[in-house]
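Each remark here refers to the structure printed beneath this line.
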Amino acid sequence: MSLSEQEIIRREKLAHLQSMGIDPYPAPLFPVSHYSEDAKKQYSDNNNEAFDVVVAGRIMSINDKGKVFFIKIQDAKGIIQCYIKRDEICPEEDNKILFDEVVKKADLGDIIGVKGYMFTTKTGEISIHSKEVTLLSKSLKPLPVVKRDEEGNVFDEVTDPEFRYRQRYADLVINPHVRETFAKRTKLMNSIRTYLNDMGALEVDTPVLQSIPGGAAARPFITHHNALDIPLYLRIANELYLKRLVVGGFDFVYEFSRNFRNEGMDRTHNPEFTVLEFYVAYKDYIWMMETTEQLLEKVALATNNKTLLTVGDNEIEFKAPYKRISIYDAIKEHTGIDVSGMDETGLREVCKQLNIHVEASSGKGKLIDEIFGEKCEKHYIQPTFIIDYPVEMSPLTKKHRSKAGLVERFELMVNGKEIANAYTELNDPIDQRARFEEQSKLMERGDDEAMFIDYDFLRALEYGMPPTAGIGFGIDRLTMLMTNESSIQDVLFFPQMRPEKMD
RNA sequence: GAUUUCGUAGCUCAGCUGGUAGAGCACAUCACUUUUAAUGAUGGGGUCUUGGGUUCGAAUCCCAACGGAAUCACCA
């Protein structure tokens, strides 16, 4: 590892501090009394009346005026300026060591603690009049310097995605909006927890390592358990486990499930991603649509204090209720073709006509899905429920109460992307077994995303599962909508990247 | 996985048709006891991602590798 000039200088400073008897990484707790923003607010709320504060944070700018320093430190809530006068922090004439060693040699990125009192500078900035300065952690690696002027204009902003994703810790320090995005992500998840808990739901944990990767159609990551000498899969969904819990008598369960799929990566796909699934006994998909509308409205309010949000170039209204349209009507609307009565041959003909490329292994369900995905999906900007899917593409969904060949399923489309998928759950064990067997045939045909048969799940259904409604929400995509980010990497702290070569 | 494109100091970037590199910020030294993208003076820092090739000569042209991004494929 070769060090840059600046890194060498910082290491020399570190050694010098130690030789002067100053510990650059002290152990004792530092008695912080305020966060920056709270201190400033308390000061202005009380007619600028001075009071003592103790704050700590990272040095983000240093203004060296000789015997006086203005140092801005950043803590979890914001930035505050510290006015540091030599004769005040080192009143004894013969001992200016603290000022000379800690303040004069401070680097951007150092973490310091400051004791003092609140005051306003001549230029009108609420600051801390420092009486004591303590080095709490020496920074050895220079942070990229981003400057801001009074109007909030940013200079030399670090936008290089590689730097930002690989060194998220540094990105978080220098780009305040990134911290906001992730704070919103947590707010979003908390608002969902509150909503579901208030309805009486129980948050649960189910296995990530599964011997049968069920509940969805996707290529799994595979690993090996040594003691049992068996293959295990990282879950692609938790659906079948949550339903087992409904069989067991938990009427309303939910889980934020980290799922893993061994597929491509792009702006909307990361190999691991988060899905909220919840299952409610004695409900159906119509109830679930109403619940979904209510939930999303609440989420929008919790994260943005409003329901009309700007997402990219679009204005999206999250206020309930949302439009509902059947998948066949959607296809008819955007292609002019009625595919409702068609068999596989007819559908293949339509795909050809519409110039949609399809695999030879695709069955009827997948063909319809292709047509919808290619021609319709992108048009649904405002939240829209696409409902009543053909039975072939929904092996875990109950048959429609009145429409033959369809199932009680909806997908919620927002901004041209699917963000939720819900069913009246299939609880007929005989029918479920038949559907699994259909999947088996698809697998034999070469569809490597068809579902495995989970016999234990069938056994659970045979004991009897109450009629149940269930849903899965793409939490990462929902976060993208709520934070107006266009890439999944911007809503994941540490998006997957090719490992870096460190020499 | 395919195609396109990018890779120059710690950071943001400039470097025209090939003649061994520049700016601002950051950094170092000095001055300044209420500054604010502080200011002024001086100075240091780059095997131009890596490896080949063409050439008298390559950051600049060609090939390959590595890494990123975009589009496509697969999918949520």
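Residue numbers begin at 1 in each chain, while the letters A, B, ... track the order of the sequences.
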| request: Report yes or no: is there a donor-acceptor pair, N or O only, under 3.5 Å between the side chain of A/Q81 and the base of B/U35? | output: yes
| request: Would you classify A/N153 as touching base, sugar-phosphate or nothing, given that sugar-phosphate means primed atoms plus P, OP1 and OP2, and contacts are heavy atoms under 4.0 Å? | output: nothing
| remark: Side-chain contact check for A/E418: nearest option of B/A76, B/A37, B/G68 is B/A76
| said: Please classify the nucleic acid contact of A/K104 as base, sugar-phosphate, or nothing, using heavy-atom distances under 4.0 Å. | reply: nothing
| What string of B, S and - do you get for nucleotides 6-11 of chain B 5' to 3' if you count protein non-hydrogen atoms under 4.0 Å? | ----BS
| query | If you look at every strand shown and take non-hydrogen atoms under 4.0 Å, does A/K141 touch a base, only sugar-phosphate, or nothing? | reply | nothing
| request: Could you give the distance separating B/A9 and B/C48 at their P atoms, to the nearest angstrom? | output: 9 Å
| If you look at every strand shown and take non-hydrogen atoms under 4.0 Å, does A/G474 touch a base, only sugar-phosphate, or nothing? | nothing
| request: Using a 4.0 Å heavy-atom cut-off across all strands, classify A/R166 as base, sugar-phosphate, or nothing. | output: sugar-phosphate
| query | With sugar-phosphate meaning primed atoms plus P, OP1 and OP2, does A/E88 contact a base, only sugar-phosphate, or nothing at under 4.0 Å between heavy atoms? | reply | nothing
| request: Kindly say if A/K147 contacts the phosphate of B/A38, meaning a side-chain N or O under 4.0 Å from OP1 or OP2. | output: yes
| note | A/N63 atom CG is separated from B/G40 atom P, nearest whole Å, by 13 Å
| query | Base, sugar-phosphate, or nothing for A/D476, non-hydrogen atoms under 4.0 angstrom? | reply | nothing
| message | Heavy atoms only, 4.0 Å cut-off, all strands: where does A/R267 land among base, sugar-phosphate and nothing? | response | sugar-phosphate
| request: Without swapping roles, check the side chain of A/R235 against the backbone of A/T206 for a donor-acceptor pair under 3.5 Å. | output: yes
| task | Using a heavy-atom cut-off of under 4.0 Å over every strand shown, decide if A/N421 touches base, sugar-phosphate, or nothing. | result | nothing
| Just checking A/Q489: base, sugar-phosphate only, or nothing, at a heavy-atom cut-off of under 4.0 Å? | sugar-phosphate
| task | Please check the phosphate of B/G68 (OP1 and OP2 only) for any side-chain N or O of A/R498 closer than 4.0 Å. | result | yes
| query | Using a cut-off of 4.0 Å on non-hydrogen atoms, how would the nucleic acid contact of A/R261 be classed: base, sugar-phosphate, or nothing? | reply | base
